[in-house]
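These notes are about the structure you will find just below.
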Number of protein chains: 4
Amino acid sequence: MDKIATQSPRQKRDPEETRKRILKAAKKEFAQLGLAGARVDTIADRAKANKRMIYHYFGNKEDLFQAVIEEAYLDIRAAERKLKLELLEPVEAIKALVRFSWDYYLKNPEFLALVNSENLHRARHLKKAQTIIEVHGRFIGMVEEILQRGVGQGVFRPDVDPVQLVITIAGISYYYQTNRYTGSIIFQRDLMSDEAREERLNFNIDTILRLLRP
Amino acid sequence: MDKIATQSPRQKRDPEETRKRILKAAKKEFAQLGLAGARVDTIADRAKANKRMIYHYFGNKEDLFQAVIEEAYLDIRAAERKLKLELLEPVEAIKALVRFSWDYYLKNPEFLALVNSENLHRARHLKKAQTIIEVHGRFIGMVEEILQRGVGQGVFRPDVDPVQLVITIAGISYYYQTNRYTGSIIFQRDLMSDEAREERLNFNIDTILRLLRP
Amino acid sequence: MDKIATQSPRQKRDPEETRKRILKAAKKEFAQLGLAGARVDTIADRAKANKRMIYHYFGNKEDLFQAVIEEAYLDIRAAERKLKLELLEPVEAIKALVRFSWDYYLKNPEFLALVNSENLHRARHLKKAQTIIEVHGRFIGMVEEILQRGVGQGVFRPDVDPVQLVITIAGISYYYQTNRYTGSIIFQRDLMSDEAREERLNFNIDTILRLLRP
Amino acid sequence: MDKIATQSPRQKRDPEETRKRILKAAKKEFAQLGLAGARVDTIADRAKANKRMIYHYFGNKEDLFQAVIEEAYLDIRAAERKLKLELLEPVEAIKALVRFSWDYYLKNPEFLALVNSENLHRARHLKKAQTIIEVHGRFIGMVEEILQRGVGQGVFRPDVDPVQLVITIAGISYYYQTNRYTGSIIFQRDLMSDEAREERLNFNIDTILRLLRP
DNA sequence: CATGAATGAGAATTCATTCAT
DNA sequence: TATGAATGAATTCTCATTCAT
């Protein structure tokens, strides 16, 4: 739909703010419609920015998508770091991590959609983002350290690959949530009701603890 | 640039064949690029069919997508029924099911992409497919029956929700494979090498058995 | 200016015709405004064709320009070949050639503009046109043959480089005509009046004959 | 993509200098790409000036083009006046003029491109430049005077129109050089090598002297 | 049934110009 | 005078869909 003579007042001159507004609007749009389905016009509208500014700050649609992807990956790791898992007892740390995955996806469903989109594009945007690789490496290191502490205390079995664990923790929440629409149809059950969500989270914690149990 | 006057030889007049070729080409294209990214022209080319035929057989692009989605869901359940899980011992049946999920996704990566796409579109195409709901209901029923047998034999703990189980079985394979591109970058590891795949499958079987263990 | 609801009747389905109409319209537009100044929309309008057809037949604006350039160069040589200069006496042949240059530019002012445009673009389109190089080589060969006959008959001096001659013949007409607008101002004289044109043509013939005189 | 935040150091406040830098950058850009192809942004960059300054000093893109054209025409005549042809013997004066044309175009190829551009625009910018008309009138007067002296000395034939002569002198150099890209392809010869240039200059001098010979 | 040319409504991108600071 | 962010109007190019043959 065209905006007709809405004559929005000229935007304040705050470059950093403008850039952020665009990025936020783009995240929403890309999450909702994918790279191909997203519309630059809509992003501009949502950002209350001039379309020209998108090209000014980000180059083109694809580069904007890349910026969105990068930010999304940095955000989730930043949020996770705030948990300070390394300060918790092993079992508590793992529980917190499972809960974090579940909650983060729940509060940031765009993240799931963006990751799916990025995989559709064979991760060609993520490939260029060196920082993310580093940040992620540190995350795996931390999980490994938790596992070792748990093994030392006799609460976890040895020889669990931290990468397999992390993938499993993510997978059991991710799949449930990213497929909430098809899942609700196929299983004929509202997967996202309060009870359903609570039940699933507990199921996931149980699954992971059983997996680690000696 | 468009190709001009390739004058491909007029296709044989085999309606059913043409329809199938289009459907197959469409599945590939939609899986590769999503609904918005897919091109009707490309589908026609890939199907070695005339574009007009797509509209003749399927109405429009979106309806074609719907046909692809329906077929994809019917196919996976048909493949699974061939396993005749109900004839196996409970533990063997579950193992076979985990293995099946893993292998099916591996051999049919379009399925993952299509399901992701369909969720991007909030399952609005799947909603219209009554058959799939029924087929799926029977599948859940069968898993439930396996669980009960296992509980009766004392090899499974009681009170495991078959839906949660099925979602978990799917999720731990699905996530790994659908995110193979971003995953390989983030974890700095080739997730799809022969060894990696073998290792993951075993990990998954183990995860599910631990989850069911009394 | 937009055309408003002119609702032109759907064009007849004559691909070759459509292609020609586009090419002709493009030649006019590019000659008038250059590659950068030309508008694809205007070309479509002028060709009474759908804009989409331009991309269908020619790929993009630049490729269309290239097609125009190629055709322009082929046309002038084709017109010149019709003169059958090789059948004339040397002096008459040269006179005919000088006259031809003058007249061709006069009747085809787009040619001058297109060549100027192509030089602005450092001949990057012409570079790809092998045919033109060959056609032109034959043209130079024919002029050389005329020169030799003239030398043999004692009417031309020896050792005149046919390329220099051809460039000179072209240059004295080309410059006059391509600069007719700035020239008319600078020299405060209507360079394109009937008398002015007649006078210049005679001057040019004289110049070339003096140049060849033994 | 736009460059962002290059934060070039604020330019010194030297109005006249800024104006000159813009004019010089504009000449280059217009010569390279024509009026339509030139970019105001690029001109600003090349001039290391703020885009706003272009509008401040020149009004708009088209007026800037006009300023460039005017300057170009004034420059060539100024350079030519320095030759003091009126002090040379007629034959030497003409030789010097032919050589000047050749050399000036060689050292100022933008001049050729600008003149071509201006003719594409039907000289609408030059029309407004009264000074140029006057300067040029004086130039023709001087050539006429040289011709008369030559006729008086019996070294030139009478009745040669100075305007035709001037156009011819310009044309044989101009055409060669302005078409150096297409020419080099069509004639399959590097028209701009040292030898080729030397040969052409001599050819041109010879052509003009033969044209004037009694 | 089959073909592929033609269409119109977008969609991405570009650009000269203006305006707040 | 100088800066560069912001704007809106084009402009090139794309795409699903229709229609004559």
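So that the names make sense, note that chain A is the first sequence line, chain B the second, and so on, each numbered from 1.
Here F/dT14 sits opposite E/dA9 as a Watson-Crick or G-U wobble pair (both hydrogen-bonding atom distances under 3.5 Å). Base pairing of E/dT18 is made with F/dA5, judged by Watson-Crick or G-U wobble geometry with both donor-acceptor distances under 3.5 Å.
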Would A/Glu16 and A/Lys20 count as a salt bridge (Lys or Arg N to Asp or Glu O under 4.0 Å) here? Give the steps.
CA-CA 6 Å; A/Glu16 198 42 47; A/Lys20 270 184 198 156; 5.0 Å; no

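Between the CG atom of B/Asp63 and the C1' atom of F/dA16 there is a distance of 13 Å, rounded to whole Å. Rounded to whole Å, the distance from CD on B/Glu29 to P on F/dA16 is 9 Å.
Taking only side-chain nitrogens and oxygens, A/Tyr55 never comes nearer than 4.0 Å to OP1 or OP2 of E/dC15. For E/dA6, one of the phosphate oxygens OP1 or OP2 lies less than 4.0 angstrom from a side-chain nitrogen or oxygen of C/Tyr57. Here A/Arg39 reaches the OP1 or OP2 of E/dA11: one of its side-chain N or O atoms lies under 4.0 Å away. Using a 4.0 Å cut-off, some side-chain N or O of B/His56 falls inside it from OP1 or OP2 of E/dC1. Contact annotation: C/Thr18 side-chain N/O to E/dA6 OP1/OP2 distance is under 4.0 Å.
In this structure, C/Ile43 CD1 and C/Phe65 CZ are separated by 10.5 Å, a value rounded to the nearest 0.5 Å.
Here the nucleotide nearest the side chain of C/Met53, chosen from E/dA2, F/dT17, E/dA5, is E/dA5. Candidate nucleotides F/dT17, E/dT3, E/dT17 were compared by shortest atom distance to the side chain of D/Lys61, and E/dT17 ranks first.
Annotation: of the two residues near DNA chain E, D/Asn60 and A/Asp41, the 5′-most nearest-nucleotide partner is A/Asp41. Residues C/Lys51 and A/Asn50 both approach DNA chain F. Their nearest nucleotides, taken by heavy-atom distance, put A/Asn50 toward the 5′ side.
Side-chain contact annotation: C/Glu62 with C/His125, donor-acceptor N/O pair under 3.5 Å present.
Around atom CZ of C/Arg122, no more than 12 heavy atoms belonging to other residues, nucleotides or ligands sit under 6.0 Å away.
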